[in-house]
Amino acid sequence: MKRTKINLLLKLETTPGEVLVKGWVRTKRDSKKFSFMEINDGSCLKNIQVIANDDLENYPDIQTITTGTSVSVTGKLSASPGKGQKWEIQADQIEIINIAPESYPLQKKRHTDEFLRTIAHLRPRTNKYGAAFRLRSEMAFAIHKFYREKGFRYLTTPLITGSDCEGAGEMFRVTSLDPKMIEQQGKMDFKTDFFGRESSLTVSGQLSAEMFALALGDVYTFGPTFRAENSNTSRHAAEFWMLEPEMAFCDLKQNMDNAEELVKTLVRHAMDECPEDMALFSNFVDKSLPKRMDILLNTEFARVSYTQAIDILKHSKKTFDFKVDYGTDLQSEHERYLAEQYFKKPVFLTDYPKQIKPFYMRMNEDGKTVAAVDLLVPRIGELIGGSQREERLEVLEKRMKEMGLPMENYWWYLDSRKFGSVPHSGFGMGFERFLMMLTGISNIRDVIPFPRTPGSIDF
RNA sequence: UCCCCAGUAGCUCAGUUGGCAGAGCAAUUGGCUGUUAACCAAUGGGUCCGCGGUUCAAGUCCGUGCUGGGGAGCCA
């Protein structure tokens with residue numbers, strides 16, 4: 001008999017009679033002559049209820065089943081008299097695949113997120129994390145769908161890189177040098193290393209993606225990135241996934257249009273395709289989720305320049321821990337104020353002073369600011385960072401010299417400005433931060449299957 | 001790196017002028033009406049994070065270390 005997943009079973013309008021399901025027991029309730037078992041196979045949030053009568057051959061074994069035990073069940077799919085459920089299975093046969101003993105840490109009741117992080121290998125079996133990672137999968141698909149439909153090409157950029165996307169954070173080194181040799185020599189000689197020079201895990205695929213945008217037009221890269229920042233917050237991880245579209249013949253405004261459309265499309269997709277999982281987050285994680293989704297879908301994101309933002313902050317009459325001055329980078333408290341108290345919705349901040357942004361961002365006509373953009377979202381912080389790139393060779397070179405960058409390392413990058421360069425733009429969006437926004441989950445570690453953070457690399 | 005909070009049964013938590021530690025869930029056993037963390041009863045379960053100190057006596061007070069969580073900086 002062919003196995004049917006529970007999500008498909010629950011969609012049936014009429015019973016096919018005999019069915020086969022396999023999954024994990026969520027709970028068992030015994031009476032004198034029979035038992036109820038809730039089985040979940042991960043395909044959806046809901047369980048299927050199985051009734052086992054004491055005339056089953058292995059009923060004494062069935063009575064030893066505990067939460068977590070894996071089973072295979074054949075039986076008749078019947079309309080259920082129980083409330084809140086359409087179908088149940090009257091079991092003909094229950095095979096115990098593997099008993100979960102007393103040491104199985106998950107119970108029927110809820111557990112704290114802190115505890116579940118210590119058993120990250122089992123937490124997908126809970127309702128909350130089952131929902132979180134199903135949704136993660138669906139959103140990854142939705143990103144590909146969005147860009148596919150817009151004619152973008154998916155580009156897989158290197159994870160091991162010799163290039164430094166300047167200003168994008170600390171890098172993890174990649175080396176095959178023997179640690180013992182390093183210790184003996186007291187230093188690392190990169191000429192003898194695998195790549196013949198220093199190499200690292202990538203902090204961004206952007207520079208590579210620009211090369212392809214200037215050939216294929218519109219591309220996106222979507223994959224893991226790595227930052228060796230000692231950031232101990234609920235918003236940071238050392239390994240995280242980033243979406244980075246790059247668009248030829250595109251200015252900053254069109255860049256923002258794409259970003260805003262992307263976010264709205266993804267939110268709509270989640271609500272349309274994952275209503276049960278989204279309802280769980282709304283009911284049990286974040287009561288304000290419906291209202292937040294409404295704002296994301298039905299309001300235009302605010303767009304203000306850095307200079308305007310400084311003005312707003314200075315006139316706010318709030319006392320901040322960090323002084324608000326033109327030319328300085330905004331701090332968390334400033335960004336929070338703008339997104340959460342002033343605009344109360346996502347806000348694009350543009351046109352930052354050139355000295356606080358990297359070399360590749362396009363210089364504005366005023367000579368003081370660059371065509372940069374950050375999208376600040378309430379509770380999340382910076383969800384998206386991007387810019388229009390500098391397409392003028394002389395300006396780019398001048399900027400790199402000002403910043404004291406080694407030009408010879410970027411020869412291939414500068415080549416792209418010599419031969420048919422065009423205005424182009426792009427941005428990076430943290431996938432996990434997007435998921436936090438979508439679910440209301442407040443810690444990035446809980447939207448990553450096996451998170452990597454400072455001091456922590458279990459599983 | 002800095003600031004704050006915490007660590008007691010497998011899990012979630014009580015334990016206050018210091019006096020040899022409890023509850024719920026889980027587990028085991030028994031019972032039971034189609035239940036939804038079923039319900040009822042019984043039983044077992046503890047280096048009170050580690051190491052020092054104060055005291056006749058420390059889960060409780062003091063010091064130090066470790067681990068976890070929240071915040072700041074760094075930053076997608």
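Numbers restart at 1 for each chain; the letters A, B, ... are given by sequence-line order, proteins then strands. Keep in mind that the numbers below use all heavy atoms, side chains included, and drop hydrogens, waters and symmetry copies.
Across the C1' atoms, B:G22 and B:G59 are found 12 Å apart, a figure rounded to whole Å. Atom C1' of B:A21 sits at a distance of 7 Å from the matching atom of B:G15, rounded to the whole Å. Comparing the same atom, C1', in B:C20 and in B:A57 gives a spacing of 9 Å after rounding to whole Å. Atom name P, nucleotides B:C13 and B:C51: the rounded distance is 25 Å, in whole Å. Taking the C1' atom of each, B:C61 and B:C48 are spaced 16 Å apart, rounded to whole Å. Taking atom C1' in both B:A14 and B:G7, one finds a spacing of 15 Å when rounded to whole Å.
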Take A:Tyr154 and A:Phe222 through the test ring-ring contact (aromatic ring centres under 6.0 Å, His included) and record every step on the way to the result.
CA-CA 8 Å; A:Tyr154 175 48; A:Phe222 180 37; 7.4 Å; no

Just do the side chain to side chain contact (heavy atoms under 4.5 Å, CB included) check on A:Val21 and A:Asp41 with the steps written out, would you?
CA-CA 8 Å; A:Val21 300; A:Asp41 69 359; 5.8 Å; no

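A:Leu376 comes within 4.0 angstrom of no nucleic acid atom, judged by non-hydrogen atoms across all strands. At the heavy-atom level, A:Ala237 lies under 4.0 Å from base atoms of the strands shown. Using a 4.0 Å heavy-atom cutoff across all strands shown, A:Glu88 reaches at least one base atom of the nucleic acid. Using a 4.0 Å heavy-atom criterion, one finds that A:Ser234 contacts the sugar-phosphate atoms exclusively. Within the nucleic acid shown, A:Phe434 has no heavy atom closer than 4.0 Å to any nucleic acid atom. No contact: A:Pro105 has no heavy atom under 4.0 Å from any strand. Looking at heavy-atom distances under 4.0 Å, A:Glu333 makes no contact with the nucleic acid at all. If you check every strand for non-hydrogen atoms under 4.0 Å, A:Glu244 touches nothing. Using a 4.0 Å heavy-atom criterion, one finds that A:Gln107 contacts the bases of the nucleic acid, with or without backbone contacts as well. When heavy atoms are screened at a 4.0 angstrom cut-off, A:His236 is found touching base atoms of the nucleic acid. Note on A:Arg110: nothing from the nucleic acid sits closer than 4.0 angstrom, heavy atoms only. Nucleic acid contact for A:Gln90: base, since at least one base atom lies under 4.0 Å from a heavy atom of the residue. At the heavy-atom level, A:Leu106 lies nowhere under 4.0 Å from the strands shown. Among the protein residues, A:Arg26 comes within range of no part of the nucleic acid, since none of its heavy atoms lies under 4.0 Å from any strand.
Here B:A72 presents its P atom at 15 Å from CG of A:Asn230, a figure rounded to the nearest Å. Look at CD on A:Glu102: it is 13 Å from C1' on B:C25, rounded to the nearest Å. When rounded to the nearest whole Å, the span between CZ of A:Arg125 and P of B:A37 equals 20 Å. Atom CZ in A:Arg117 sits about 19 Å away from atom P in B:A6, given to the nearest Å.
Ranked by how close their nearest RNA chain B nucleotide is to the 5' end, A:Phe36 and A:Asn232 are led by A:Asn232. Nearest-nucleotide assignment on RNA chain B puts the 5′-proximal partner with A:Arg336, out of A:Arg336 and A:Ile384.
Listed by residue number, there are no residues of residues 299-313 of chain A with a heavy-atom contact under 4.0 Å to RNA chain B.
For A:Lys32, the side-chain atoms get nearest to B:C32 when compared with the rest of B:A76, B:U36, B:C32. For A:Arg227, the side-chain atoms get nearest to B:A76 when compared with the rest of B:A72, B:A27, B:A76. Here B:G73 is the nucleotide among B:G73, B:G69, B:A27 with the atom lying nearest to any side-chain atom of A:Gln331. Among the nucleotides B:C11, B:A76, B:G34, the one closest to the side chain of A:Lys109 is B:C11.
Between A:Arg136 and A:Glu432, at least one side-chain nitrogen of the basic residue sits less than 4.0 Å from a carboxylate oxygen of the acidic one, meeting the salt-bridge criterion. Residues A:Arg117 and A:Asp113 are not paired through a salt bridge, judged by the lack of any N-O separation under 4.0 Å between the basic side chain and the carboxylate. Comment: A:Lys86 engages A:Glu13 in a salt bridge, judged by a side-chain N to carboxylate O separation of less than 4.0 angstrom. For A:Lys33 and A:Asp55, the salt-bridge test fails: no basic side-chain N is under 4.0 Å from an acidic carboxylate O.
The number of heavy atoms from other shown groups lying within 6.0 Å of NZ (A:Lys345) is above 12.
Each of A:Arg26, A:Lys28, A:Arg29, A:Lys46 was scored for a salt bridge (Lys or Arg N to Asp or Glu O under 4.0 Å) with A:Glu38, with one residue passing: A:Arg29.
OP1 or OP2 of B:G69 has at least one side-chain nitrogen or oxygen of A:Arg445 nearer than 4.0 Å.
Taking the six-membered ring where tryptophan is involved, the planes of A:Tyr306 and A:Tyr352 are tilted, since the angle between them lies from 30° to 60°. Ring-plane geometry between A:Tyr413 and A:Phe359 is classed as perpendicular, the angle between the planes exceeding 60 degrees on a 0 to 90 degree scale with a lower cut at 30.
Residue ring and base: A:Phe240 counts as stacked with B:A76 (centre distance below 5.5 Å, interplanar angle below 30°).
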